[in-house]
Protein chains: 2
Amino acid sequence: MPKPEVDQTVPLQLSVDRNSPVPLYFQLSQQLEAAIEHGVLTPGSLLGNEIELAGRLGLSRPTVRQAIQSLVDKGLLVRRRGVGTQVVHSQVKRPLELSSLYDDLEAAGQRPATQVLAHTHVPATAEVAARLGVGEGSEVRCVERLRLAHGEPMAYLCNFLPTGLLELETGQLEATGLYRLMRAAGITLHSARQTVGARAATPAEAERLGEPAGAPLLTMQRITYDDTGRAVEYGTHTYRASRYSFEFQLLVRS
Amino acid sequence: MPKPEVDQTVPLQLSVDRNSPVPLYFQLSQQLEAAIEHGVLTPGSLLGNEIELAGRLGLSRPTVRQAIQSLVDKGLLVRRRGVGTQVVHSQVKRPLELSSLYDDLEAAGQRPATQVLAHTHVPATAEVAARLGVGEGSEVRCVERLRLAHGEPMAYLCNFLPTGLLELETGQLEATGLYRLMRAAGITLHSARQTVGARAATPAEAERLGEPAGAPLLTMQRITYDDTGRAVEYGTHTYRASRYSFEFQLLVRS
DNA sequence: CTCCCTTGTTTGTCCGGACAATGTGACTGC
DNA sequence: GCAGTCACATTGTCCGGACAAACAAGGGAG
């Protein structure tokens, strides 16, 4: 009785455009990713060896390897010496982007809205100064916002930014997310340090979010750095635990 | 007035052992990482161009690039065309490992302990079956544990595993973490899907964790997959929010 | 003095090849 | 029938070179 093994090598239509300015390895990796996404490359199927693949596409092996490697890093493929490269079974989404709540909600089709509660410049408290790496008492921008979805409060966001980093208008803050504005201002976000916890709501917080007093809240603190290592944002957020949770995918560091 | 720019090229003592079985690029990346860790390479300092570095070490440029690239992926270095490669300022730790609570506590010097509350085989409920990708009602291993630090309850852990995956003894579960046991059994963990939220403790939960009734709890659900895409573990954990929070570093996907 | 262009430096991409390490499967000897 | 061994397939590592693209700084024109 022949077992219907899924580990078959899949013939695949691939092509690259050498006149395109987009790198060849990137073209290839995108096509492979799309093929996986659309189920053309089924989980468990082998990709065919690199040498043959390179020959078929008219590329060199290093280029093909670079394409495959990027997908391995994303967790979509697994390589095994002596076996080949195969598609991972599990439904990997993406390993937790540095995303704003606004983008998350929008991606979920929730039509987010923002109320700017305060938008001022204040002297930095000791804590804020330490997080942002500025002098205590120096002036920082302070933004307090309420994020809504379907007209219901979802989260209360309090952010501090160094002054002079970018121009910010209240109107912009109500139309889109903070990260999008920062990226648009030419700031390249690089990394962030996050702490996620929970605690009971104070009466003021409960009132603000429309929760009963003492309700559990999900809290997040985040310091964001740009690629030069400067802290560009420090935020403390509180989410309605009854309506929001963090969901993300992790990859194991090889 | 000359500004004391930190962006200096740093002379560095590096060497590789060609007789070692460990890859050359890995030797180099480890030495560079150590130099950054120990502050020999200060934040903002340039690394010197790749060609010269390769020549100095007797390596080829691709090998040097591979070493540097791995550190760029870790977020320790930043490359800029026409400028060079420089060390990132911020204190990047690690971008959130697939770690067990046990390892986290041990790393923090908390001397973790485990009480195994239950260790049985049960028929899978619809939810567990869906998460693990097994048939509803088929037998799965169920482990309930209480994790303590300094004798105080920290978290209640409830895990489900497919049967036949590995041998597990209660004694082992009390001595170390589940992930360590799985790795020791030859299972290569690959990725995990996590959901983090918060809710109020039920009376039973409060009792178990030594919290007052209705206290906020931090909750985490996790499905872990191995490199073939099988789900190898599904767990629902509740943490005392007053004593525990998740902390992690994110990198921006280029 | 200011602005623009040129020039040089450095990384990004790509090639073609070579050998080593590892896992698979078939073959052979017992 | 079984186990050990050998050959094969495939990825891992490494080399040396070539050209393109982006950025910074210096020099020249206005």
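To find a chain, count down the sequence lines: A is the first, B the second, and so on, and within it residues start at 1. These numbers come from a predicted model, not from an experiment.
Contact annotation for Pro23(B): backbone-only contact, meaning every heavy-atom pair under 4.0 Å involves sugar-phosphate atoms and none involves a base.
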Original post:
Does the salt bridge (charged side-chain N to carboxylate O under 4.0 Å, His left out) test come out yes or no for Arg145(B) and Glu174(B), once each step is laid out?
Top reply: CA-CA 9 Å; Arg145(B) 293 170 295 167; Glu174(B) 298 201 325; over 6 Å; no
Subject >> Test side-chain hydrogen bond (donor to acceptor under 3.5 Å, both in side chains) applied to Tyr225(B) and Glu233(B), step by step >> reply: CA-CA 7 Å; Tyr225(B) 302 91; Glu233(B) 177 244 347; over 6 Å; no
Original post:
Can you give one letter per nucleotide of nucleotides 5-10 of chain C, 5' to 3': B if a protein heavy atom sits under 4.0 Å from the base, S if only from the sugar-phosphate, - if neither?
Top reply: ----BB
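Open room surrounds NE2 on His38(A); 12 or fewer heavy atoms of other groups in view lie less than 6.0 Å from it.
For the pair Ser20(B) and Gln27(B), the minimum side-chain heavy-atom distance is below 4.5 Å.
Between Phe248(B) and Phe248(A), the angle of the ring planes lies from 30° to 60°, which puts this pair in the tilted group.
DNA chain C is contacted by both Arg61(A) and Ile51(B); Ile51(B) maps to the nucleotide lying nearer its 5′ end (nearest heavy atom per residue). Judged by closest nucleotide on DNA chain C, Arg65(B) is the one of Arg65(B) and Val64(A) placed further toward the 5' end.
Across the protein-nucleic acid pair, Arg79(A) atom CZ and dG23(C) atom P stand 15 Å apart, rounded to whole Å. Rounded to whole Å, atom P of dG12(C) lies 16 Å from atom CG of Leu24(A). Residue Leu46(A) contributes atom CG, which lies 16 Å from atom P of dG23(C) at whole-angstrom precision.
For DNA chain D, the contact window with chain B, defined by any atom under 4.0 Å from a protein heavy atom, covers dT13(D) to dA24(D) in 5' to 3' order.
Inspection of the Thr224(B) and Tyr179(B) side chains reveals an N or O donor paired with an N or O acceptor under 3.5 Å.
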Validation: residues 131-138 of chain B side-chain donor-acceptor distances under 3.5 Å, sequence neighbours left out:
unit_1, atom_1, unit_2, atom_2, d
Ser138(B), OG, Gly135(B), O, 2.7

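A donor-acceptor pair is defined here as one N or O able to donate and one able to accept, closer than 3.5 Å; no such pair exists between the side chain of Thr42(B) and the backbone of Gly39(B).
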